[in-house]
Structures are given as C-alpha cells and as structure tokens.
Amino acid sequence: MTETVVTRFAPSPTGFLHIGGARTALFNWLLARSLGGKMLLRIEDTDRARSTDAAIDAILDGLKWLGLDWDGDAVFQFARADRHRQVVDQMLASGRAYPCYATQAELEEMRSTAQAEGRPPRYDGRWRDRPESERPTDRSPAIRLKAPTEGETVVDDLVQGRVVIPNKDLDDLVLLRSDGTPTYMLAVVVDDHDMDVTHVVRGVDHLTNAARQTQIYQALGWVVPKMAHIPLIHGPDGAKLSKRHGALGVEAYREMGYLPAALRNYLARLGWSHGDDEIFSSEQAIEWFKIGDVGRSAARFDEAKLQNLNGHYMRATPDHELMAALRQALPYLPGGPAAAERLEATGRWPALESALPGLKERAKTLVELLDGARFLLDERPLAVEPAAQALLTPEARALLATLGSRLAALDPWTAAGAEEIVRSVADESGVKLGAVAQPLRVALTGRKTSPGIFDVLVALGREESIGRIADQTPAPAAG
RNA sequence: GCUCCCAUCGUCUAGCGGUCUAGGACGUCGCCCUCUCACGGCGAAAACAGGGGUUCGAGUCCCCUUGGGAGCGCCA
C-alpha cells in the first residue's frame with residue numbers, strides 16, 4: 001500500500017511571509033514534490049486579534065512569487081472551531097480532558113512560586129482530579145488535556161532524530177479556552193489529522209510543541225504524523241533573525257531585485273545540501289531532496305552569497321526571459337515605475353533588451369541591473385557624475401570632437417564599425433584606446449563604468465550617441 | 001532556573017572509522033584577460049571549540065566542559 005504523502009505549510013497571518021517561513025514552505029514543498037505527494041496550505045488564524053486579511057494576502061502573494069504552489073484551497077483554521085470543540089467533547093467524555101477553573105491570578109501565582117523555587121513554571125494540575133461537586137458555577141472553565149505525569153514522550157523526528165521529553169516537564173495544556181475557543185495546540189492536531197497530513201515540517205521552535213501534540217494524538221488514539229523540525233535561520237551575528245537584521249519578508253527580496261529561482265536555490269542550500277552542488281534548479285532539488293539530509297544546526301543568512309547566486313541566475317537567464325522578469329519586477333523596484341515610464345516614452349524597451357547581455361553580467365540584482373541601464377533612461381544633456389568629470393580634460397574633449405564627426409559618417413551603425421573608428425582615432429592621436437574610450441564612456445553615460453562602450457553606442461543609436469558626444473565637445477571657435 | 005537541540009575555514013557546507021597532509025561554494029587577497037566596471041580563468045590565506053575515553057586507527061562513536069540556540073501562555 002502506498003500512502004500519499006501530504007505536507008502542509010501553516011503560517012499564522014499576523015504579518016508578511018517571513019523569510020524563515022518561506023524556507024519552511026520550501027522544504028514542505030520539496031518534500032511533497034519529491035515524493036509525489038501534496039502540499040496543503042492552512043492559514044492559522046485562530047488569533048482573531050492579530051490575524052489580518054492583509055497578512056493573508058501578503059503570505060499568498062509571497063508564496064506565489066516564490067513559485068511555491070500548494071494543492072487545493074487554503075484551509076482557514078478559525079472556520080473549523082466547531083470541529084475542534086467536537087473533538088474536545090470526545091476527550092472529555094473519554095476522560096482524557098477535564099475542566100479547569102483556575103483563575104488567571106492563580107496561574108500567575110503558580111508560575112511565580114515555581115520560578116522562585118527553581119522549578120519549571122507549569123500548571124500544577126489542581127483541577128485534574130477534583131470531583132464534579134466542587135466545580136464553581138460562577139465561571140466557565142478552560143478544558144485541559146489530562147496528560148501523562150510519568151514516563152516520557154518521544155518524538156521520532158526525521159531531522160532531529162529521537163527526541164525524548166520527560167512527561168513531568170509537560171503540564172496539562174489548555175485545549176479549549178474558557179471562552180470556548182480552541183487553542184493552537186489542539187487545532188493543529190485536529191486539522192493535521194483531518195487533512196490527512198502525513199509529514200509535519202516546521203521550525204525547531206515547535207519541537208516541544210511536537211511532544212505536547214503527540215500527547216494529544218495519543219489521547220485521541222490517532223496516528224501521529226511523521227515530524228521534521230528544521231533549524232531556524234539566524235542573522236549574520238548568530239542570533240535569531242529579526243527586524244534589526246533588516247529584510248525579513250520575502251516581498252523585501254522582491255524589492256531588492258532578487259529572482260525567485262535564485263532565492264529558492266539559496267534557501268534550499270541553507271541547511272540542506274546535496275554533496276558539493278551549489279547551483280541547481282528546483283527540478284534538481286526535488287529530485288535530490290531527502291528530508292533526512294537537512295542538517296540540525298542553525299544557519300546564518302548570508303546576503304553576499306545570495307547576491308552572488310542571484311548574479312549567476314541573471315547571467316544564465318536568456319535575455320528575453322530576463323527582460324520579462326525585469327518587467328514583472330519593475331513595479332516593485334525602487335525607481336522601477338518611473339523607469340518603465342521613461343522606457344515607454346522613449347521607445348527604448350528594445351534598446352534595453354539589446355543592452356541586456358552587457359548589463360546582466362555587471363549586476364547581482366535587478367536593482368543593480370536597472371541602475372546600470374540608467375544611461376538609457378537619462379535625457380540629454382546628461383548629468384556627468386563628479387568622479388567622471390575629471391576624465392573630460394580639454395584633450396579628451398578634442399578627441400571626442402574628432403570622434404563625433406567620424407562616427408557621424410558610420411554606416412551601418414554597428415559595434416564593429418564603431419570600434420574600428422574609435423581605435424583608429426586613438427592610433428592617429430598616438431594614445432591608447434582607453435584614452436579615447438573612457439571620455440567617450442563619460443560622454444555617453446555620464447559615468448566611469450558601463451557595459452562595453454561599443455555596445456553602449458549601439459544601444460543608444462546613432463542620433464542619441466552623436467548628440468551626447470556633441471554635448472561634451474567644445475563649442476566651435478566662437479567661445 | 002528547567003527541558004531539548006546544536007558545534008568543520010569569517011559564512012553556507014562535504015565528510016556517514018582508515019581514501020582527510022579535511023573537499024566545494026560565498027567572501028577576502030594576488031595574478032591574468034581588458035576601453036571602465038564586471039564576467040571569466042588561475043592561485044593564495046582560511047576550519048575539525050577544549051578535554052577525556054572507545055578503537056590497531058576518530059573530524060567521524062561515547063562522556064564531560066565551554067560556547068551557541070530553541071522551548072517552558074487560556075500566543076501561534
């Protein structure tokens with residue numbers, strides 16, 4: 001019998017799609033796809049105060065952008081509250097759960113005295129075995145799990161190995177709050193069971209929860225799904241990734257000009273490896289992925305490596321595809337919308353695409369690519385960067401003047417033809433190619449660096465090129 | 001405090017008792033290519049946290065120490 005593998009990604013919609021969450025989703029996705037199974041999506045929105053529609057949209061949008069598709073419709077946990085309560089009734093009836101009337105103040109006190117005595121803060125089970133006759137009628141109880149007090153609970157984890165937690169360290173967790181709403185701990189178990197989830201892949205921060213949830217499964221007599229708790233992502237300083245480390249949400253990576261495929265590759269390689277392979281497609285990752293190959297130690301997020309990887313992806317992407325990716329990303333990039341407008345107005349979309357080969361090998365992100373393409377966006381007369389200004393010496397301007405008139409006669413307007421002219425001007429003037437090429441670069445782009453200057457000439461076209469050169473050429477005699 | 005997890009170059013990692021004078025990648029530093037910057041090529045520096053065992057033999061297994069991390073809610 002072949003059981004269909006079912007994984008699930010279960011974010012709580014209280015913010016954007018966290019980069020760590022994205023990796024959890026990726027591993028769930030890889031596991032499901034590699035085993036021919038399904039990945040489900042469940043929105044854990046039981047915290048009504050913190051859950052927002054905007055966050056749900058952000059998470060869905062982030063997953064789609066990253067190319068992580070899920071099977072079926074997203075399940076909303078809050079909508080299943082009745083089912084959760086039904087399961088608790090079942091547990092109450094079987095004696096595996098009991099009502100607890102302890103007040104917040106009592107719980108507070110329990111915690112503080114436990115702390116003071118050096119014991120782990122936990123519920124003392126004071127309502128666990130109280131007879132019904134003692135139950136107060138002036139308030140409604142929370143329902144707690146009657147957890148085993150002795151022995152140990154074992155989590156056979158696909159990544160962490162066999163993790164054993166003494167039951168005495170696990171208290172009777174709340175299943176249903178006194179207002180009748182189910183807790184996360186209960187909801188997760190019931191939903192995973194009802195959704196036929198076979199593999200639970202999530203962050204190690206849930207490892208202790210896994211033990212507690214195992215107790216719930218056992219109380220219910222349900223099969224415990226396979227678990228895989230993957231290590232968390234840390235910031236460059238080794239501490240858990242947080243706001244102060246900068247970008248946290250995947251949408252920020254879109255804004256920084258990263259390609260989804262590159263981010264997927266990077267994230268997959270963070271904590272998982274297939275020998276020495278560094279650059280691989282998602283298809284390869286799916287083929288190679290084994291959850292057991294995921295390491296147990298936390299990995300630091302290294303943006304320099306992500307950038308390098310993204311650079312590889314950009315260079316490897318065919319121009320028309322990269323062009324499409326850029327057009328899609330433009331609305332999200334800083335200055336992107338304005339750039340799109342300019343390209344539209346000047347009709348330079350084709351020029352940009354033709355300049356892509358030179359542009360993409362000089363950029364690690366789409367943002368850098370766009371910056372490199374600025375010479376195509378700028379209008380005459382060009383603003384020359386201060387650092388570049390120094391190259392426009394009187395001698396250089398004179399060379400430019402010669403160059404301008406020679407170039408004007410070039411036909412057809414090709415890179416090879418332009419190169420021939422530039423080289424001969426250099427030869428005739430007895431200077432090195434650079435002495436002509438550099439001033440030409442400044443005249444054409446306003447900067448000291450750019451793609452190959454002959455390619456720039458072609459991308460800009462004859463009229464614009466000649467014009468820009470003229471802009472930097474001394475006015476004839478008159479002055 | 002208690003419970004659990006982790007520990008190879010600065011970073012991500014390969015290594016699953018002998019092939020390790022520890023490999024790859026990013027980053028760093030040289031050199032080459034060159035119209036600039038890149039790309040690319042070549043090369044260099046750079047690690048088994050410490051201490052005990054087990055074993056003929058340990059980066060690989062066990063224990064301790066140290067150092068990190070996570071969890072301990074009527075949050076998820």
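Values below: every heavy atom of this structure, side chains too, minus hydrogens, waters and symmetry copies. Remember, predicted model here, so these are calculated numbers, not experimental data. First the proteins, then the strands, lettered A, B, ... as listed; each starts at 1.
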Separation of A:D455 CG from A:L359 CG (nearest 0.5 Å):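 Between A:L359 CG and A:D455 CG, I get 10.0 Å after rounding to 0.5 Å.
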What about [X]: does its side chain form a donor-acceptor pair under 3.5 Å with the base of [N]?
X      : N      : value
A:N308 : B:rA25 : no
A:R362 : B:rC37 : yes
A:R315 : B:rC39 : no
A:T208 : B:rC4  : no

[atom1] gap between [N] and [M], integer Å:
N      : M      : atom1 : value
B:rU60 : B:rG53 : P     : 15 Å
B:rC48 : B:rC31 : P     : 29 Å
B:rG23 : B:rG59 : P     : 15 Å
B:rU3  : B:rA45 : C1'   : 43 Å
B:rU8  : B:rC4  : C1'   : 24 Å
B:rU21 : B:rA47 : C1'   : 15 Å
B:rC61 : B:rG40 : C1'   : 45 Å

Strand partner of [N], provided both Watson-Crick or wobble distances fall under 3.5 Å:
N      : answer
B:rA25 : B:rU11
B:rG18 : B:rC56
B:rA49 : B:rU65
B:rG71 : B:rC2
B:rC42 : B:rG30

What is the nucleic acid contact for [X], judged by heavy atoms within less than 4.0 Å: base, sugar-phosphate only, or nothing?
X      : result
A:I453 : base
A:A304 : sugar-phosphate
A:D179 : nothing
A:R269 : base
A:F301 : nothing
A:L232 : sugar-phosphate
A:R447 : nothing
A:R296 : sugar-phosphate
A:R50  : base
A:V164 : sugar-phosphate
A:A426 : nothing
A:S12  : sugar-phosphate
A:P451 : base
A:H229 : nothing

Which of the following nucleotides, [options], is nearest to the side chain of [X]?
X      : options                : answer
A:R300 : B:rC35, B:rA76, B:rU11 : B:rU11
A:R111 : B:rG40, B:rC74, B:rC35 : B:rC74
A:E278 : B:rC12, B:rA76, B:rU36 : B:rC12
A:A299 : B:rC35, B:rA76, B:rC12 : B:rC12
A:Q77  : B:rA76, B:rC4, B:rG10  : B:rA76
A:E361 : B:rC74, B:rC37, B:rC39 : B:rC39
A:H206 : B:rC74, B:rG73, B:rA76 : B:rA76
A:V163 : B:rC12, B:rC74, B:rC5  : B:rC5

Exercise: identify the closest heavy-atom pair between A:E353 and A:D319: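 What the structure gives for the nearest pair is OE2-C, 4.2 Å.
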Plane angle bin for A:Y184 and A:H206 - parallel if under 30°, tilted between 30 and 60°, otherwise perpendicular: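 Tilted, since the angle between the ring planes falls between 30° and 60°.
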The single option from A:D192, A:N28, A:D191 passing side-chain hydrogen bond (donor to acceptor under 3.5 Å, both in side chains) against A:R8: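 Filter result, single survivor: A:D192.
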Donor on one side chain, acceptor on other, A:Q438 and A:R441, under 3.5 Å: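 There is such a pair between these side chains.
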A:R397-A:T473 side chain donor-acceptor pair, cut-off 3.5 Å: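 Short answer, no.
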Could you tabulate the donor-acceptor pairs under 3.5 Å formed by side-chain atoms of residues 49-59 of chain A, not counting sequence neighbours?
residue	atom	partner	partner atom	Å
A:R50	NE	A:D47	OD2	3.0
A:S51	OG	A:D47	O	2.8
A:T52	OG1	A:A55	N	3.0

Nearest whole Å is fine: how far is [N] [atom2] from [X] [atom1]?
X      : N      : atom1 : atom2 : value
A:D455 : B:rA38 : CG    : P     : 18 Å
A:D171 : B:rG71 : CG    : P     : 16 Å
A:I230 : B:rU13 : CD1   : P     : 12 Å
A:D276 : B:rC16 : CG    : P     : 12 Å
A:L359 : B:rA38 : CG    : P     : 15 Å
A:D277 : B:rC12 : CG    : P     : 19 Å
A:D169 : B:rC72 : CG    : P     : 13 Å
A:R122 : B:rG73 : CZ    : P     : 11 Å

Comparing A:P166 and A:A142 on RNA chain B - which has the more 5′ nearest nucleotide: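 Nearest-nucleotide comparison on RNA chain B picks A:P166.
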Short side-chain N/O contact from A:R162 to OP1 or OP2 of B:rC4, under 4.0 Å: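 For B:rC4, neither OP1 nor OP2 has a side-chain N or O of A:R162 closer than 4.0 Å.
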B:rA14 phosphate, OP1 or OP2, under 4.0 Å from A:S273 side-chain N/O: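 For B:rA14, OP1/OP2 do have a side-chain N/O of A:S273 under 4.0 Å.
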Derivation and outcome, ring pair (Phe, Tyr, Trp, His ring centres under 6.0 Å), residues A:F9 and A:W70: CA-CA 9 Å; A:F9 176 54; A:W70 58 93; 9.3 Å; no
Counting only pairs under 3.5 Å, give me each side-chain donor-acceptor contact of residues 387-394 of chain A, with atom names and distances, residues two or more places apart or in other chains.
residue	atom	partner	partner atom	Å
A:T393	OG1	A:E395	OE1	3.3
A:T393	OG1	A:A396	N	3.0

A:R144 NZ/CZ over A:Y123 ring centroid, <6.0 Å and within 45° of normal: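 Geometry flag: set, cation within 6.0 Å and 45°.
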